[in-house]
Amino acid sequence: MSISRTSAVAMLGLATAAALTGCTVTVASPSADSASPSPSSSSSAAASATKPKSKTKTEPKSGTSHAATPDEDTTVSAPSPRIVSFTVFQKPGCPSGTDVSHTDAVPLILKWKVTGAHSAALSVDDPTGTPGTYGPVALHGMQEFHFSCSGAPGSTETHTYALYTVGGGKQTHRTIKVSATVHETGIPVT
């Protein structure tokens with residue numbers, strides 16, 4: 001069965017409304033009685049006229065209902081929590097140079113986007129895997145971190161950052177390991 005562009009847009013609108021309100025919607029094809037057949041589909045419409053009339057079923061989760069004008073069987077439910085992206089926006093750099101010629105440290109900046117969750121949480125260098133040891137964050141955002149460069153000159157300092165979904169369904173997480181080379185910073189002149 002092919003569907004018209006108008007019907008496809010109506011179904012997309014219904015799916016979006018259901019997802020935003022937390023409803024689950026099941027829709028079924030309308031019967032041939034309620035559809036006006038096109039000239040090219042009159043034989044298939046006549047053949048389907050003996051089918052029983054389909055019903056539209058709406059199952060609200062929060063006491064509300066939604067009208068549906070569907071063309072085919074579809075089930076729509078609220079999206080599960082998902083981490084769309086979690087990336088390094090700015091790579092960190094350790095300080096370097098001497099007292100005469102010094103280069104400051106460059107902070108790490110992480111950027112993320114989460115959908116389907118109530119909120120998100122960040123953890124930094126947490127071996128227990130506990131969500132939010134750094135703190136709660138917005139579903140979409142950026143965070144700057146001072147990058148610790150406490151190793152010996154020439155060594156590589158690595159830190160692990162984890163983003164967690166909070167609420168809205170099964171928790172998911174994603175981790176990023178970020179490294180920077182520790183530079184010699186010279187001897188302070190006293």
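Along the sequence shown, the residues carry numbers beginning at 1. Because only heavy atoms are used, hydrogens play no part in the values below, and waters and symmetry mates are left out as well, while side chains stay in. Everything numeric here is computed off the predicted structure, so don't read it as measured data.
Taking CG from Leu108 and CD from Gln90, the interatomic distance works out to 8.0 Å, rounded to the nearest 0.5 Å. Atom NE2 in His159 sits 4.5 Å away from atom OG in Ser148 (nearest 0.5 Å). With rounding to the nearest 0.5 Å, the separation of SG in Cys94 from CG in Asp104 is 12.5 Å. A distance of 10.0 Å separates NE2 of His183 from OG of Ser155, quoted to the nearest 0.5 Å.
Proximity of Gln171 to Pro81: side-chain heavy atoms (C-beta onward) are nowhere separated by under 4.5 Å.
For the residue pair Glu144 and Pro107, the shortest heavy atom distance occurs at CG-CB, 3.5 Å. Heavy-atom minimum distance, Phe86 versus Arg174: CE2-O, 3.5 Å. The heavy-atom pair separating Ser179 from Pro92 by the smallest distance is O-CG, 4.3 Å. Listed here is the closest heavy atom pair of Ala121 and Pro131: CB-C, 4.3 Å.
If you chain together hydrophobic residues whose side chains sit under 4.5 Å apart, Val182 and Phe145 never meet in one group. Grouping the Ile, Leu, Val, Met, Phe, Trp and Tyr side chains by contacts below 4.5 angstrom, directly or via other members, places Leu163 apart from Ile109. When hydrophobic clusters are built by joining Ile, Leu, Val, Met, Phe, Trp and Tyr residues whose side-chain heavy atoms come closer than 4.5 Å, directly or via intermediates, Val178 is not grouped with Tyr164. Tracing side-chain contacts under 4.5 Å through hydrophobic residues (I, L, V, M, F, W, Y), one never reaches Val88 starting from Met142; they form parts of separate clusters. Cluster membership check: Val166 does not share its hydrophobic cluster with Val114, using side-chain heavy-atom separations under 4.5 Å among Ile, Leu, Val, Met, Phe, Trp and Tyr.
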Legend entry - Worked verdict on Ile83 versus Trp112 for side chain to side chain contact (heavy atoms under 4.5 Å, CB included): CA-CA 8 Å; Ile83 297 173; Trp112 63 88; 5.7 Å; no
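For the residue pair Ser85 and Thr87, no side-chain donor N or O sits within less than 3.5 Å of a side-chain acceptor on the partner. For the residue pair Tyr134/Gln143, the side-chain donor-acceptor check at 3.5 Å is satisfied.
Listed for the Thr172 side chain is no donor-acceptor partner under 3.5 Å among the backbone atoms of Thr165. Looking only at distances, a side-chain donor or acceptor of Ser123 sits under 3.5 Å from a matching main-chain atom of Thr130.
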